[in-house]
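Inspection log for the structure reproduced underneath, given as structure tokens.
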2 protein chains.
Amino acid sequence: MRRLPPLNALRAFEAAARHLSFARAADELSVTPGAVSQQIKLLEDTVGTPLFVRDPRGLQLTEAGAAALPSLRDGFDRLAAGTRLMTERGGPRRVVVSAAPSFASKWLVPRLDGFQAAHPDIDVYVHADMQLVDFASGEADLAIRFGRGEYEDLETQLLMAERIVPVCAPALLRGDPPLKAPSDLAHHTLLHDDGRTEDGPSWAMWLAAAGAQEVEGTRGPRFNQSSMAIEAAVAGKGVALAKYALAEADLIAARLVIPFDLTTPTEFSYWIVHPEAKAALPEVAAFKGWLLSQVSPEQGPA
Amino acid sequence: MRRLPPLNALRAFEAAARHLSFARAADELSVTPGAVSQQIKLLEDTVGTPLFVRDPRGLQLTEAGAAALPSLRDGFDRLAAGTRLMTERGGPRRVVVSAAPSFASKWLVPRLDGFQAAHPDIDVYVHADMQLVDFASGEADLAIRFGRGEYEDLETQLLMAERIVPVCAPALLRGDPPLKAPSDLAHHTLLHDDGRTEDGPSWAMWLAAAGAQEVEGTRGPRFNQSSMAIEAAVAGKGVALAKYALAEADLIAARLVIPFDLTTPTEFSYWIVHPEAKAALPEVAAFKGWLLSQVSPEQGPA
DNA sequence: CATCACGATTAGGAATCCTAACCCTGTCTG
DNA sequence: CAGACAGGGTTAGGATTCCTAATCGTGATG
């Protein structure tokens, strides 16, 4: 027989452990910090072990507390998912999708009408943010992230690989001077995506691979979002190094061209990521299936 | 932000849905049925949907309730696992293993000392029972079951395949009459494992495969546990059809021999089965790894 | 050295939860 | 076919749990 300590105490612990703060946990639970303190003491008495080290400057989990946290977080995730399954029968369904801002605007949003057409009963909320912070607080249902696919305690599935291509406005090809060889880049403006460095290779790396070491690879404007570099390229401001997925729509619409067909593969890919518990929600499953169908239209996941 | 209904109400619902009875749920939770009734009404008010159809002769889940139950059960499983992780630090650890009686006595128990040697801090409780009923009530941590590996909502991993062999005491080989060909079985006693039919082929099937149709395959004593048929064979009472895994120890010790080397493969195998939530418990993981190491000594799971 | 941020502690009141007793309905049983 | 029984529903009121508000202690901060 399953034996559980007082559930509210467990929940208070889970929140406090997640925030490493009674005050923030209390805020999340809409109670006072004192209440959290009492609940946690009760839990510690029940299980017979201290769960936090109370430094005067903050909290720290004991080994016992740290060992239990992942299971507890996952457990409450599942209770939340189960509750949603009973609450939202027939009501409006929604998925909250988290993605990097550039990916959201350049890849996801242009395709969303396809999802809406296939699932008119599900509303999609796109949550664009730089890092993957939404799951701990329970805000997002599913995320698309660019990286190595190493996300702890989250279910992960490959969406698609990525490669880096140079792009510019078509007019630049016959500009002054024309863009015929990588060395011609010396007389053009290079547009830099200055996001987090791990996101992809820089102009310097690309130029080296293209054998155009003589071109200075650090000049030119820098943007902290890939989409801005791409939009600058569309506007004819220069040549950008772009992730293919983000430039694809502009390439198909002929607002951009690939001047030199030297693409650099990356070790990073796009991943679909979500807490395991979310898999039980049909709207999340539907969105995931649709995402995968966007990549290989005939076939969803295995 | 994760929004949850009153947790005690959720737990009451989960128990009532599992038992399809307020009274049994109340018993499990050590409260009165009235309390359960109130909690469930509270939950139904909170989520705005009825969860049970109250027939005068019992309960039935509504669609909403049925949809939510698996997530909730799994959620509470995980909370229980997390609680154990904090409770049993340093204390005595234990695994409760459920297995069929014959498998437990003939295969599992003879090897257990190896596990005890490798993990002296973990106590193993062997729970022998005919069906797989222990998980719902939370009694067992892990089970070994013989079948097709189709266990809903449970994590499943193949332990080993199985095949059926005839076995008898060595003395019978030179008995009167001697056992030289399958047709000689006509003058010997056949020992029948009369357990659930899906467990394996009968003597009739084996004799047909051996080309010994003239032997009457229904005579002889019947046992409702495989181990009893094997023990009867060891005692020289006749020839039994045995699962190889169960006879192995007696074969190695030369208390049994295989008179005819015609083994019948089965479509059933042994599976390691447990609720997903149990994977978080180190003692369960240790036992599972040890089980797999018993099958292929050099290599544990993938 | 005053202030702030963080947690611990306590008393008392608010909210929740449970029991006990009773009702209703269909089924089983002699 | 009547009575017992088993299942669930309902209610009042008391037991328990939980939370707030106020106060204290401690180290970091400016």
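Per chain, numbering begins at 1; letters A, B, ... match sequence-line order.
For residues 70-89 of chain A, there are no ring pair (Phe, Tyr, Trp, His ring centres under 6.0 Å) pairs, not counting sequence neighbours. Applying the side-chain hydrogen bond (donor to acceptor under 3.5 Å, both in side chains) rule to pairs touching residues 269-283 of chain A yields Arg78(A)-Glu276(A), Arg84(A)-Glu283(A), Arg93(A)-Glu283(A), Asp141(A)-Lys278(A), Glu162(A)-Tyr270(A), His274(A)-Lys288(A), sequence neighbours excluded.
Of the candidate nucleotides dG9(D), dG7(C), dC18(C), dC18(C) has the atom nearest to the side chain of Val31(B). In the set dG7(C), dT10(C), dG8(D), the nucleotide with an atom closest to the side chain of Gln38(A) is dT10(C). Closest contact between the side chain of Thr32(B) and the listed nucleotides dG7(C), dT19(C), dC19(D) involves dT19(C).
Distances shown here put a side-chain N or O of Gln39(A) below 4.0 Å from the OP1 or OP2 atom of dC19(D). The side chain of Arg54(B) places an N or O atom within less than 4.0 Å of a non-bridging phosphate oxygen (OP1 or OP2) of dG9(D). The phosphate of dA8(C) (OP1 or OP2) has a side-chain N or O of Ser37(A) nearer than 4.0 angstrom.
The separation between Asp27(B) atom CG and dC18(C) atom P is 15 Å, rounded to whole Å. The CD1-P distance, from Ile40(B) to dC17(C), rounds to 13 Å in whole Å. Atom-to-atom, CG of Leu29(B) to P of dT19(C) comes out at 10 Å; the value is rounded to the nearest Å. Distance CZ (Phe22(A)) to P (dT20(D)): 15 Å, rounded to an integer number of Å. Per the geometry, CG belonging to Leu59(A) stands 5 Å off P belonging to dG7(C), to the nearest Å.
The closest donor-acceptor contact from the side chain of His19(B) to the backbone of Ala15(B) lies under 3.5 Å.
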Provide a list of protein-nucleic acid N or O atom pairs under 3.5 angstrom, restricted to nucleotides 21-26 of chain C.
none

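Summarising the geometry of Ser226(A) relative to Ser102(A), their closest heavy-atom pair is N-OG, 3.2 Å, with the distance given to 0.1 Å. For the pair Met228(A) and Phe223(A), the tightest heavy-atom approach, listed with the atom from each and the gap, is CB-CD2, 3.7 Å.
Among the protein residues, Ala35(B) comes within range of the nucleic acid bases, having at least one heavy atom under 4.0 Å from a base atom.
Shown for residues 41-53 of chain B: residues whose heavy atoms fall under 4.0 angstrom of DNA chain C, namely Leu42(B). Within residues 7-15 of chain A, no residue has a heavy atom under 4.0 Å from DNA chain C.
The side-chain tip of Arg145(A) does not point at the ring of Tyr151(A) from less than 6.0 angstrom away and within 45° of straight on.
Look at Asp153(A) and Arg73(A) and you find a salt bridge, because one of the NZ, NE, NH1 or NH2 atoms lies within 4.0 Å of a carboxylate O, short of that distance. Looking at Glu28(A) and Arg24(A), no side-chain N of the basic residue comes within less than 4.0 Å of a carboxylate O on the acidic one, giving no salt bridge.
Aromatic ring centres of Phe146(B) and Phe103(B): separated by at least 6.0 Å.
Under the rule for a side-chain hydrogen bond (donor to acceptor under 3.5 Å, both in side chains), Gln116(A) has no partner lying at least two apart in sequence or in another chain.
Counting heavy atoms from C-beta on, the side chains of Thr87(B) and Thr49(A) never come closer than 4.5 Å.
Considering CG of Asp193(A) and OG of Ser202(A), their distance stands at 11.0 Å, rounded to 0.5 Å.
Positionally, the nearest nucleotide of DNA chain D for Asp55(B) lies more toward the 5' end than for the other of Asp55(B) and Ser30(A).
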